[in-house]
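A, B, ... follow the sequence lines: proteins, then strands. Residue 1 opens every chain.
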Amino acid sequence: MADWRDEIFAALKAAEIRQVGYVPDAGHARLIELCHDDPEIRAVPLTTEEEGVALAAGAWLGGQRTALLMQSSGVGNCINMLSLAKTCRFPLVVLVAMRGEWAEFNPWQVPMGSRMRTALELCDVLVYRVERPEEAAETVTAALDIAYNGDLATAVLLAQRLIGAKRWVK
Amino acid sequence: MIANDRRLDRRAAMRALLENRGDLLLVTGLGSTTWDAAAVGDDDRNFYLWGAMGAAAMLGLGLALARPERRILVVTGDGEMLMGLGALATIGVQRPQNLALAVFDNGRYGETGMQASHTDGTVNLTGVARACGIEQVFDIADEAALRHFTGLVHSAEATLFARVAIRAEDPPRVLPLRDGVLLKARFRRAIGAEGA
């Protein structure tokens with residue numbers, strides 16, 4: 001079986017995603033690499049996650065589909081910018097690599113990690129969660145479908161248990 | 001214009017930027033630059049931000065990357081640009097050849113009582129843009145320089161950044177459509193992006 005990260009990338013390709021904004025996270029490292037290597041995808045590194053919400057809106061005004069990659073702590077940076085997606089009904093697909101939950105070493109990751117789902121839902125973002133590798137691609141595809149068929153904002157949370165807890169002590 | 005006043009009238013500056021606009025696409029930031037664009041005249045190819053402060057430059061980048069065959073102009077204010085200053089770093093890395101940014105700089109937060117912004121103090125936006133890797137940077141305080149820049153908006157094969165010094169005035173508000181869904185839909189229809 002293919003790696004679940006490669007399957008998510010295949011789902012993005014199948015949905016004709018053309019721009020991918022990201023703030024790096026170890027959990028997204030493989031996906032970021034695949035996006036940079038693909039000639040059909042423009043991978044855009046961001047200085048802060050909220051830039052990606054505006055990037056996605058601009059791309060959609062021009063007729064291109066996007067995905068936005070970030071870590072759970074980055075969701076907090078997006079809150080006001082999500083008003084752009086809601087007020088204009090821009091489609092949005094955010095893939096969130098979770099921190100601050102399963103076997104987290106760093107307590108500073110916990111406040112956003114444990115509350116960002118609620119924060120997203122308060123902003124009317126539809127939230128899906130992936131715990132097991134075999135669910136990853138189909139969940140991303142489902143989010144892409146509902147976002148781009150319905151002009152809705154969605155987020156897919158990739159559980160820390162799925163990604164693997166970050167190792168701090170060698 | 002008053003003699004020796006090294007700043008432009010904001011409405012006249014917007015009118016100059018949009019003269020003979022051809023198929024130029026326009027994004028404006030919250031709030032006064034949106035009123036300036038509406039005062040010049042509504043157009044389906046204008047996307048006015050009424051909120052999401054800090055979004056204008058990044059929205060322009062997404063649009064420029066999606067439509068490399070079109071010219072994109074973002075006009076926003078100093079306060080709106082300062083809120084998304086990191087966007088200049090992101091744009092400096094991408095440098096699309098069809099994107100121009102013009103920041104109307106009066107050193108004030110005009111919508112909230114004309115409080116001083118950082119550009120009234122130590123911050124120089126052209127210096128920031130240049131340091132972010134944007135190569136064609138202009139500091140504009142007169143009509144001739146603005147005309148030159150407007151020509152480049154239609155022809156340069158480079159990302160452009162202009163700081164346009166404007167007077168701290170509060171002209172009568174001219175409010176465009178504020179329904180975001182309608183603004184989005186009519187813009188996409190006008191440029192043939194609907195089928196995507």
Taking side chain as everything from C-beta outward and backbone as N, CA, C, O, which of these in [X] sits under 4.5 Å from a heavy atom of chain B? Side chain, backbone, both or neither.
X	value
A:Gln19	side chain
A:Thr48	neither
A:Arg42	side chain
A:Ala85	neither
A:Phe90	both

*Run through B:Val27, B:Val74, B:Leu63, B:Ile134 and flag the one making a side chain to side chain contact (heavy atoms under 4.5 Å, CB included) with B:Leu99.*
B:Val74

_Criterion side chain to side chain contact (heavy atoms under 4.5 Å, CB included) against B:Phe104, the qualifying member of B:Thr33, B:Thr28, B:Ile140_ = B:Thr33

*Which bit of B:Leu25 comes within less than 4.5 Å of chain A, counting heavy atoms only: side chain, backbone, both or neither?*
neither

*Below 6.0 angstrom between ring centroids: does that apply to B:His118 and B:Tyr109?*
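For B:His118 and B:Tyr109, the ring centres are not under 6.0 Å apart.
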
*Would A:Tyr148 and A:Trp60 count as a close aromatic pair, with their ring centres under 6.0 Å?*
yes

*Name the member of B:Arg70, B:Met58, B:Met53 that forms the most heavy-atom pairs with chain A at distances under 4.5 Å.*
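Answer, by heavy-atom pair count under 4.5 Å with chain A: B:Met58.
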
_Just so I understand: if I count every heavy-atom pair under 4.5 Å between each of A:Thr87, A:Leu61, A:Leu84 and chain B, which residue has the most?_
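Heavy-atom pair counts peak at A:Leu61.
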
*asked:* As an exercise: rank A:Ala56, A:Pro45, A:Gly52 by heavy-atom pairs under 4.5 Å with chain B and give me the winner.
replied: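 The answer is A:Pro45.
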
*Is a side-chain donor-acceptor pair under 3.5 Å present for B:Trp35 with B:Glu111?*
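The answer is yes; a qualifying pair exists.
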
*Looking at CD of B:Gln94 and CG of B:Leu65, how far apart are the two atoms once the value is rounded to the nearest 0.5 Å?*
6.0 Å

_Donor-acceptor pair, distance only, cut-off 3.5 Å: does the side chain of A:Gln160 make one with the backbone of A:Gly100?_
yes

